[in-house]
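A short write-up of the structure that comes next.
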Amino acid sequence: MSNVIEELRWRGMLHDLTPGIEDHLTNGPRSAYLGFDPTADSLHIGHLVGVMTLLHFQRSGHKPYALVGGATGMIGDPSFKSTERNLLNKETLQHNVECIKRQLTKFLDFSSDKKNRAELVNNYDWMAGYSFLDFIRDIGKHITVNYMMAKDSVKKRLEDGSGLSFTEFSYQLIQGYDFYYLWKHHQVTIQLGGSDQWGNIVTGTELIRRIEGGNAYALTVPLVTKSDGTKFGKTETGNIWLDAKKTSPYAFYQFWINVSDDDAARYIKIFTTLTKDEIESLIAEHQKAPHHRALQKALGREVTVLVHGLQEYQTALKATEILFGKSSAEELASLDEKTFLQIFEGVPMAEVSKLSLHEPSDPVVFLTDVTGAFPSRGEARRMLQQGAVQINKIRWNEHQPVTKNQILNGRYMLIQKGKKNYFLIKLV
RNA sequence: GGGGAGAUUCCAGAGUGGCCAAAUGGGGCAGACUGUAAAUCUGUUGCGAAAGCUUCGGAGGUUCGAAUCCUCCUCUCCCCA
């Protein structure tokens, strides 16, 4: 059994710990849990930090519990959110829980017969049948309102005047009870979470102490930040999801490739299981030749393989090479249809009748009216004038008509706006 | 309940009867430079080839002409009770 605390520490994944946890962990295999809120039907890369934390526990010989918040998701965690959340309906929630469960099984070992195989639990299972009256008698009795109000997450809402409903206020008690329940029935002694969860977790350890005089521990992981101060895990287009349907493996890989140098050095420790030596040599390599972006490439490879598998990674890599590589125009033309489609999976596509190309077309009209690649002619013209448009990797201008010669593979055409935006046209 | 301020193009924020598709800043997009980075510089940012058209919380009205004036409505914020 290896020292998981040490592991997390060098990876920059330790924010806060309750005293005694290190001894507790070194004196034998323990069970630790981390909760996921089913707010959407997929996890996003922000959740990956939690997943990795659990993974490190498992690799160190401890038993991880991944909790899906079927019950807590019905309430909404007020922690560090400025306004009351809208409640999701039960069907959505149920659907989300199922989706998240399926995703989690990819990352941790849930199936082996090892003693420390991961377990998946849903707090709905023990909360659903718990009557309100019983709950406030059995559990609520042990925690004072003063204690609950003193939490930063609650205090903030009271101070700034936005307030919070009783529903949200009671969230920490439900989460605290989860911990108690897992402690009591599954010998889970540690709760893991993001740094925003500290207050909620400690309510749990407090409950365990007051009800049973038992010991339980908290460990939190710092919130992942970006060096430029913007929010991690978001792009202009939205969250980076783990579900390939919501964020294509290509887009996913691209996200990591585009991470800044400073961030890459931090992220590679958090999001990959590469060893300390491997990471240090990558960092050294990157410093010697930053333009090769060894860190970003390794990061992209590791995380994409972890989330989507080797094959998807290779396709994403190939797509990247073709879209950003050197001899692209010829390479693009040489692709067979199958590879071509694989590479451009997830790229917006329009189907256009072949008839529209019987005559050479004015590029402005073709790119807007005919294909919808641009929302307005003005924009298409502007882009063409600025030299921002490429057709099949060849820079295009507004006087260059589009003809049949631009058709690839008998029916495709690749429109590129700027460096990173693609649009596919399929002739039918 | 009383009093006051306000709602402008993605955001912030000017404009207070024609010169306003609307200053300026931010953001976005693009180009150059690079490493698909950062920083920087440049261009661009309602639709339309143009004439022109649609836009300044909503609905009406005054006027040759309204983001700007009037009426009503909706919403937001502040102060007092």
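The chains referred to below are lettered A, B, ... by the order of the sequence lines, with proteins before strands, and numbering in each begins at 1.
Nucleotide B:A12: paired with B:U24 (Watson-Crick or G-U wobble, both distances less than 3.5 Å). As the counterpart of B:G18, B:C64 is assigned, both hydrogen-bonding distances of the Watson-Crick or G-U wobble pattern falling under 3.5 Å. Using N1 to N3 plus N6-O4 or O6-N4 for Watson-Crick, or N1-O2 and O6-N3 for G-U wobble, each under 3.5 Å, B:G1 pairs with B:C80. In a base pair of the Watson-Crick type (N1 to N3 plus N6-O4 or O6-N4) or a G-U wobble (N1-O2 and O6-N3), with each distance short of 3.5 Å, B:G57 is matched with B:C73. Taking a pair to require two hydrogen-bonding distances under 3.5 Å in either a Watson-Crick or a G-U wobble arrangement, B:A30 pairs with B:U42. Base-pair partner of B:A49: not found among the strands shown (Watson-Crick or G-U wobble, both distances under 3.5 Å). Within the shown strands, nothing qualifies as a pairing partner of B:G35 under the Watson-Crick or G-U definition with both distances less than 3.5 Å.
Of the charged side-chain nitrogens involved, none lies within less than 4.0 Å of a carboxylate oxygen, so that A:R293 and A:D261 do not count as a salt-bridged pair. Salt bridge A:E321/A:K318: absent, no basic N to carboxylate O contact under 4.0 Å. For A:R11 and A:E7, the salt-bridge test passes: some basic side-chain N is under 4.0 Å from an acidic carboxylate O.
Of the side-chain N and O atoms in A:K419, none sit less than 4.0 angstrom from OP1 or OP2 of B:G35.
A straight line from CG of A:N421 to C1' of B:G28 spans 12 Å, rounded to a whole angstrom. With rounding to whole Å, A:H291 atom NE2 is found 15 Å from B:C33 atom C1'. What separates CD of A:Q386 from P of B:U42 is a distance of 15 Å, to the nearest Å. At whole-Å resolution of the value, NZ in A:K417 and C1' in B:U45 are 15 Å apart. The CD-C1' distance, from A:Q390 to B:U36, rounds to 12 Å in whole Å.
Across the C1' atoms, B:U9 and B:C72 are found 26 Å apart, a figure rounded to whole Å. Across B:A67 and B:G57, the matching P atoms stand 10 Å from one another, rounded to whole Å. Across the C1' atoms, B:U68 and B:A14 are found 13 Å apart, a figure rounded to whole Å.
Summarising the geometry, atom OG belonging to A:S334 is positioned 7.0 Å from atom CD1 belonging to A:I322; distances are rounded to the nearest 0.5 Å. Taking NZ from A:K276 and CD from A:E6, the interatomic distance works out to 7.0 Å, rounded to the nearest 0.5 Å.
In terms of modelled atom types and a separation under 3.5 Å, the side chain of A:Q406 and the main chain of A:T403 share a donor-acceptor contact.
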A correct 5'-to-3' footprint of nucleotides 46-52 of chain B, with B, S and - meaning base, sugar-phosphate only and no protein heavy atom under 4.0 Å, is -SSS---
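Between A:F271 and A:F232, the angle of the ring planes stays under 30°, which puts this pair in the parallel group of the 30/60° scheme.
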Can you list the steps and then say if A:L332 with A:L408 is a side chain to side chain contact (heavy atoms under 4.5 Å, CB included)?
-> CA-CA 8 Å; A:L332 186 70; A:L408 296 173; 3.8 Å; yes
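Among the atoms of the strands shown, none is found under 4.0 Å from any heavy atom of A:Q385.
Only A:I257, A:N258, A:D261, listed by number, bring a heavy atom of residues 257-272 of chain A to less than 4.0 angstrom from any atom of RNA chain B.
A donor and an acceptor atom, one from each side chain of A:Q175 and A:T203, are nowhere located under 3.5 Å apart.
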